[in-house]
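Quick note on labels: first sequence line is chain A, next is B, and so on, each numbered from 1.
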Protein chains: 2
Amino acid sequence: MDDVSPLTLNRLSVYLRCLRRLQTEGVQRISSQEMARRFHLSSTQIRKDLAQFGEFGIRGVGYDVDALADSLHGLLGLDREHRLVVVGMGNLGSSLARYLGFNSGSFHVVAGVDKDPEKVGREIGGFVVRHSDKLEQVVRETRANIGVLAVPAESAQENYEALAEAGVEAVLNFAPARVTRDPRVPLKNVDLRIQLEELAFMLGEDGE
Amino acid sequence: MDDVSPLTLNRLSVYLRCLRRLQTEGVQRISSQEMARRFHLSSTQIRKDLAQFGEFGIRGVGYDVDALADSLHGLLGLDREHRLVVVGMGNLGSSLARYLGFNSGSFHVVAGVDKDPEKVGREIGGFVVRHSDKLEQVVRETRANIGVLAVPAESAQENYEALAEAGVEAVLNFAPARVTRDPRVPLKNVDLRIQLEELAFMLGEDGE
DNA sequence: AGATGTGAATGAGTTCACAGCT
DNA sequence: AGCTGTGAACTCATTCACATCT
């Protein structure tokens, strides 16, 4: 299993979501074409994407919805429980803690830290905010394995490093900043402003 | 100006952010190489990306930071004011309203609606929540031009259509659902679960 | 000299077309 | 007959290499 492009990976998540929906509708088998039609995907691409990980279908028939959903679930690492620690409990951070906390499934927010003593001690989304100085200890105690960066752009780098140091295995960065990666700690950026700016550009382009 | 790939577009946003940072540091001129080095980008790519929109640099010298920032700012449509209406004022929606409200710049959250009468009337992030039935009226009154979908997956489609109907020019979708596009109303999906699942996969892959 | 802007070369990602299984 | 899985063709994106300008 060489390495998988982020594009493929995103699509696998999408496929899983589509399959979940089919499950709720009681669909048991589906062909790539039918799935493509229903969810506006490409049937060839579905097959190519899946082919990277094995043969999940039955020729002449299609895919078993439950079986494929289970396979993708496992593939994406969702059979492990993932424990998130949020760094920066400002507006964005506390919103994320509350929001992601609900989403349960395989992801749970287990801790939050902030360097502002004012915020330390508050209870948000099922845990008590701790001070950033205690990050390493917090990670150890809660066995958090994913860090969520919700700090201002200026302090993104240092907090990423602190998370890496504290022992998390991956970081999701919401700060609008380019962070230099530690090769051992995968990083994904989620930048809301970029998304908005992309939309803004589209508006300008073709007029109404 | 044919049409621009989303990848290029995202990078333009990144470049703009880098330039803003250079401005705060008082840097007046920068070469593509220096910029690439500082922010972990590719110098060729910077030049190729910019070349799609004109000639912004001075050969032998580099780019004027202020001038280039202004150009990108305009290119991305940030000299217009964009007015956002949030649909679905649950956990995610109200968080977004508060968060995006702060981020000022060219984007302002001017309204929010929800179909739950319980939520109608609350004040969040500078406006009073209105009922979803009034969406068209709200859009007209506030001159909102971008819709933000923060509803459950099941109702994403109908609310996208309602937004299109009500006259917004583009939609940012936070619901984890595949929405069928209206060709007149550009749609961008932001799916936090996909991001988390991508990270989860990376963890599984290489072990620690 | 030094940096931009750009055709040409390479690489990545997607689609086509069909062999092969059920 | 119908649908999967996949090499081959194609399209899109990135990188290279250099002519061009200050």
To the nearest angstrom, the CD-P distance between A:Glu55 and C:dA19 comes to 18 Å

Please classify the nucleic acid contact of B:Thr8 as base, sugar-phosphate, or nothing, using heavy-atom distances under 4.0 Å. nothing

Looking across every strand, which nucleic acid part, if any, lies under 4.0 Å from A:Ser5 by heavy atom: base, sugar-phosphate, or nothing? sugar-phosphate

Go through the steps to decide whether B:Leu68 and B:Leu50 satisfy the test side chain to side chain contact (heavy atoms under 4.5 Å, CB included), and finish with yes or no. CA-CA 10 Å; B:Leu68 184 55; B:Leu50 296 177; 4.0 Å; yes

Here the distance between atom C1' of C:dG5 and atom CG of B:Leu68, to the nearest Å, is 14 Å

Can you identify which nucleotide, out of C:dT14, C:dG7, C:dA17, has its nearest atom closest to the A:Arg47 side chain? C:dA17

Atom CD1 of B:Ile46 to atom C1' of C:dT4: distance rounded to whole Å? 12 Å

With a 4.5 Å heavy-atom cut-off, do B:Val168 and B:Ile146 have their side chains touching? no

Within the supplied structure, the quantity of interest is the number of heavy atoms (other residues, nucleotides, ligands) at a distance under 6.0 Å from B:Lys188 NZ; does it exceed 12? yes

Heavy-atom contact window of chain B on DNA chain D, given 5' to 3' at under 4.0 Å: D:dA13 to D:dT22

To the nearest 0.5 Å, tell me how far A:Leu172 CG sits from A:Leu163 CG. 11.0 Å

Under-4.0 Å side-chain N/O to phosphate OP1/OP2 contact, A:Arg11 with C:dG13: no

Step by step, work out the side-chain hydrogen bond (donor to acceptor under 3.5 Å, both in side chains) result for B:Arg140 and B:Gln137. CA-CA 5 Å; B:Arg140 197 171 39 242; B:Gln137 189 184 332; 5.5 Å; no

On DNA chain C, does the nearest nucleotide to B:Thr44 precede the nearest nucleotide to A:Asp49 from the 5' side, or the other way round? Give the residue. B:Thr44

Take atom CZ of B:Phe53 and atom P of C:dT4, then tell me their distance rounded to the nearest Å. 18 Å

Quick one, which residues of residues 17-28 of chain B touch DNA chain D with a heavy atom under 4.0 Å? none

Only residue of B:Asn189, B:Leu96, B:Leu149 satisfying side-chain contact (heavy atoms from CB on, under 4.5 Å) with B:Phe174 is B:Leu96

Could you state the atom-to-atom distance from CG of A:Leu9 to P of C:dA12 in whole Å? 17 Å

Given B:Arg37 and B:Gln33, is the side chain to side chain contact (heavy atoms under 4.5 Å, CB included) satisfied, shown in steps? CA-CA 6 Å; B:Arg37 199 190 54 70; B:Gln33 295 169 66; over 6 Å; no

Between A:Leu50 and A:Gly60, just flag the one whose closest nucleotide in DNA chain D comes earlier from the 5' side. A:Gly60

State which residue, out of B:Lys134, B:Arg130, B:Arg83, fulfils the salt bridge (Lys or Arg N to Asp or Glu O under 4.0 Å) condition with B:Glu141. B:Arg130

Contact class for A:Arg29 (heavy atom, under 4.0 Å): base, sugar-phosphate, or nothing? nothing

Using the closest heavy atom to pick a nucleotide of DNA chain C for each, name whichever of A:Gln45 or B:Arg59 lands nearer the 5' end. B:Arg59

Between B:Tyr160 and B:Asn173, is there a side-chain donor-acceptor contact under 3.5 Å, judged purely by atom types and distance? no

Just checking, any donor-acceptor pair under 3.5 angstrom between side chains of B:Asn145 and B:His82? yes

Close approaches to DNA chain C from residues 30-41 of chain B, in residue order (heavy atom, under 4.0 Å): B:Ser31, B:Ser32, B:Gln33

Applying a 4.0 Å non-hydrogen cut-off, can you work out what B:Ser42 is touching in the nucleic acid: base, sugar-phosphate, or nothing? sugar-phosphate

Mind calculating the distance between OH (B:Tyr15) and P (C:dT4) to the nearest angstrom? 12 Å

For A:Phe53 and B:Phe201, take the angle between the two ring planes, folded into 0 to 90°, and tell me which bin it lands in: parallel under 30, tilted 30 to 60, perpendicular over 60. perpendicular

For A:Gln28, does the CD atom have more than 12 heavy-atom neighbours from other residues, nucleotides or ligands under 6.0 Å away? no

Given C:dG5, is OP1 or OP2 found less than 4.0 Å from the side-chain N or O atoms of B:Tyr63? yes

